[in-house]
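Some notes on the structure that comes next.
Reminder, nothing fancy here: chain letters follow the sequence lines and each chain counts from 1.
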Amino acid sequence: MPKTLKITEIASDPSMNIVMDTLALGKQALVFVNTKRSAEKVAEDISKKIKEENNELDKLAEEAGKAVSRPTKQCERLALCLKKGIAFHHAGLAHKQKSLVEEHFRKGSIKIICATPTLAFGLDLPAYRVIVRDLHRYSQHGLAWIPILEVHQMFGRAGRPSFDNEGQALCIAATPVEKEKITERYLKGLPEDIFSKLAVEPVLRTYLLSLISSGFVSTHEQAVSFFGKTFWAHQYKDMEKLEGIIDKMLSLLEEWEFIMGPSDDFQSADSLDDAKYQPTALGKRVSELYIDPYTAHFMLSRLQEASSKKIELFALLHVISRTLELRPLLRARTKDFDKIQEYLLRYGNSLFEEEPSMYDPEYEEYMDSVKTSIMFDEWIHEKGEDYLLETYNIRPGELNAKMDVADWLLYSMSELVRFQHYPAMLKEILKLRFRLRYGVQEELLPLVRLENIGRIRARKLYSNGLKDLAAVRKADITKLTQLLGKNIALNIKKQVDGEIKEVVPGKRKGQISLEDY
DNA sequence: GGACGGTGAAACTTCAGGTTGCCTC
DNA sequence: GAAGTTTCACCGTCC
């Protein structure tokens, strides 16, 4: 049974009052809001109302503030909140910051987390109180109620079984009418139906190729029967239409030379029904890479045209920025157009896709893809996280996620190019992948091979005349200590002395071998 | 009179998240 | 659609 809570009003904002009340009780709370910016703002507002600080929190704040190579405004903001035992949590935080916040909330040193829905899914972070401040979220059709399923997930964070006998989940209503609406929708209402993700073409063609490539499905009938048993078919109902979609996918995969179809096999087969689909070597690889077959086809067909051109890394960045996997892209705004034009002027001729006309419906997305490529380009020219946040409004966590996908796409691209026997291209792709991973210019590549040497330290070494491993090996230990501190100096000295070869395999997870190029 | 700071209204701007793909010692 | 941020005009204060 819901009971009535008496909350003292200190501020005009009800969620703030509930938070302060929770703190007075000595309990913890999660506040859910609908944007990253709001999460930060609310956390900041709360922290301003808190007086006490302590040593442990100071240390935590310092650690979180230094989580990326060049602290951003976001890092400073988080650090200020943490000093008061308050935190915000969203996908824009660096990985380390997220886990710090989670860990210290569990330990109890952080009292309040203001979060976007990230925190509602997956993570087991219970709190005495859950405050769902925002129940609307911007969507393409204007503001919309957030899904019931999602709100229930948030509610589910309330109450810590091992600490409390109860948990409280609260929504904020501005008017009695709204209160009624919220009760109907989120307390009495049933969660939405779940829809199969297979219904989306990219997902479908990826699975189809994988089924054929693994030998699980080899005829048209088998494919139809397999998908006929899925949840997707169950929801879709119209088997005829479904069969049509599968047919279309099969012929596309065949056209792209990822599978060999019955038509190729017709002579040897007794009848059309016996004719089998078989994966090509290329198709098998595409399936293993787990990229959308369309993406694979797109990359291959673009790069094929390239043999006559000089290969620009920017053009490769642009190819990956045009794929489905890299979406959502950065949005090109009016203020970005000068920079975009500048890049198009410089690289336009070497790009694999021409700029569409301004009236082309594709135009906007093309501009977005160029802007995204520029962001990557600035990263491999050693621009810092702080700069990228200011310029592209991309936070460290989001940047990381994008880089991950880009790395995977470049790896896939390099694997596909092997089928085209095009060594010059392969070399450029590998170089780009390496540069993107470390965010460095080409000249620093030898140095970042060392453990504990990232973009910042590598640049430091380089600008002090230590331009490659041989130079580092010859360098005086006092000079190295001056540049990098004692521990790291000793450490890299150990690495370069004699056994450079060993350094490469032993490095971090996900290492790319330089021997490749 | 000018520098400075505070205030508030109006004009802009921007809007959740993510999982798996691959490599490898 | 609304929250958050930026911009700008306006006013009061102080030197």
Item checked: Candidate nucleotides C/dG4, B/dT14, B/dT20, ranked by approach to the side chain of A/Arg333 - the nearest -> B/dT14
Check: What is the base-pairing partner of C/dG1, counting Watson-Crick and G-U wobble geometry with both distances under 3.5 Å?
Finding: B/dC15
Next item on the list: Calculate the interatomic distance between A/Glu178 atom CD and C/dA2 atom P; express it in whole Å.
Entry: 10 Å
Next item on the list: Could you say whether A/Glu398 or A/Trp408 is positioned toward the 5' end of DNA chain B, judged by the nucleotide with the nearest heavy atom to each?
Entry: A/Glu398
Note to self: Taking only the P atom of each, what is the distance from C/dG1 to B/dG18 in whole angstrom?
What the structure shows: 28 Å
Checklist line | Euclidean distance, atom CG of residue A/Leu430 to atom P of B/dC23 [Å, nearest integer] | finding: 14 Å
Note to self: From CZ of A/Phe434 over to C1' of B/dT24, roughly how many Å is that when rounded to an integer?
What the structure shows: 13 Å
Checklist line | A/Leu119 CG - B/dG18 P separation (whole Å) | finding: 10 Å
Checklist line | Side chain of A/Pro328 (C-beta onward), nearest among B/dG18, C/dT5, B/dA16 | finding: B/dG18
Item checked: Members of residues 384-395 of chain A that approach DNA chain C, where some heavy atom sits under 4.0 Å away -> none
Item checked: Among B/dC22, C/dG1, B/dT13, the one nearest A/Tyr138 by side-chain distance -> C/dG1
Checklist line | side-chain N/O A/Ser38 vs C/dG4 OP1/OP2, d < 4.0 Å | finding: yes
Item checked: Short side-chain to backbone donor-acceptor contact, A/Thr372 and A/Asp368, under 3.5 Å -> yes
Margin query: So if I take every side-chain heavy atom of A/Thr118 and compare against B/dC22, C/dA3, B/dG18, which nucleotide ends up nearest?
Written below: B/dG18
Notebook entry, point to check: When you measure from the side chain of A/Arg133, which nucleotide among B/dC23, C/dA3, B/dT20 comes out closest?
Noted result: C/dA3
Notebook entry, point to check: With a non-hydrogen cut-off below 4.0 angstrom, is A/His136 in contact with a base, only sugar-phosphate, or nothing?
Noted result: nothing
Notebook entry, point to check: Using a cut-off of less than 4.0 Å, is there contact between a side-chain N or O of A/Arg285 and OP1 or OP2 of B/dC23?
Noted result: yes
Check: What does A/Glu288 touch in the nucleic acid at a heavy-atom separation under 4.0 angstrom: a base, only the sugar-phosphate, or nothing?
Finding: sugar-phosphate
Item checked: Residue-phosphate contact under 4.0 Å: A/Lys36 side-chain N/O, B/dG17 OP1/OP2 -> yes
Check: Taking atom P of C/dA2 as reference, at what distance in whole Å does atom CD1 of A/Ile172 sit?
Finding: 17 Å
Next item on the list: Kindly confirm whether the side-chain ring of A/Tyr411 is stacked on the base of B/dC22, judged by centres under 5.5 Å and planes under 30°.
Entry: no
Margin query: Is there a side-chain hydrogen bond (donor to acceptor under 3.5 Å, both in side chains) between A/Arg129 and A/Thr22? Walk through the geometry before answering.
Written below: CA-CA 7 Å; A/Arg129 256 181 206 163; A/Thr22 315; 3.0 Å; yes
Note to self: Let's see if you can work this out: which of B/dC15, B/dT14, C/dA2 has an atom nearest to the side-chain heavy atoms of A/Thr35?
What the structure shows: B/dC15
Notebook entry, point to check: For the side-chain hydrogen bond (donor to acceptor under 3.5 Å, both in side chains) test, which of A/Arg331, A/Gln341, A/Lys371 pairs with A/Asp336?
Noted result: A/Lys371
Item checked: Backbone of A/Lys383 reached by a side-chain donor or acceptor of A/Arg455 within 3.5 Å -> yes
Check: Using atom P of each nucleotide, how far apart are B/dG17 and C/dG4 to the nearest Å?
Finding: 16 Å
Note to self: Heavy atoms from C-beta onward define the side chain here; which of C/dA2, B/dC22, B/dG18 lies closest to that of A/Lys98?
What the structure shows: B/dG18
Check: CG of A/Asn34 versus C1' of B/dA16: gap in Å, rounded?
Finding: 9 Å
Checklist line | Rounded interatomic separation in angstrom, taking CG from A/Leu324 and P from B/dG18 | finding: 18 Å
Margin query: When you measure from the centre of the six-membered ring of A/Trp379, is the NZ or CZ of A/Arg435 closer than 6.0 Å and no more than 45° off the axis?
Written below: no
Next item on the list: To the nearest Å, give me how far apart CG (A/Asp134) and P (C/dA2) are.
Entry: 12 Å
Next item on the list: Determine yes or no for a side-chain-to-main-chain donor-acceptor pair under 3.5 angstrom, with A/Arg449 supplying the side chain and A/Leu469 the backbone.
Entry: no
Next item on the list: Kindly say whether A/Asn452 contributes a backbone atom to a donor-acceptor pair with the side chain of A/Arg457 at under 3.5 angstrom?
Entry: yes
Note to self: Any side-chain to backbone donor/acceptor pair from A/Glu378 onto A/Ile374? Under 3.5 Å, distance only.
What the structure shows: no
Check: Do any side-chain nitrogens or oxygens of A/Thr116 fall under 4.0 Å of OP1 or OP2 in B/dG17?
Finding: yes
Notebook entry, point to check: Any donor-acceptor pair under 3.5 Å linking the side chain of A/Glu178 with the backbone of A/Ala174?
Noted result: yes
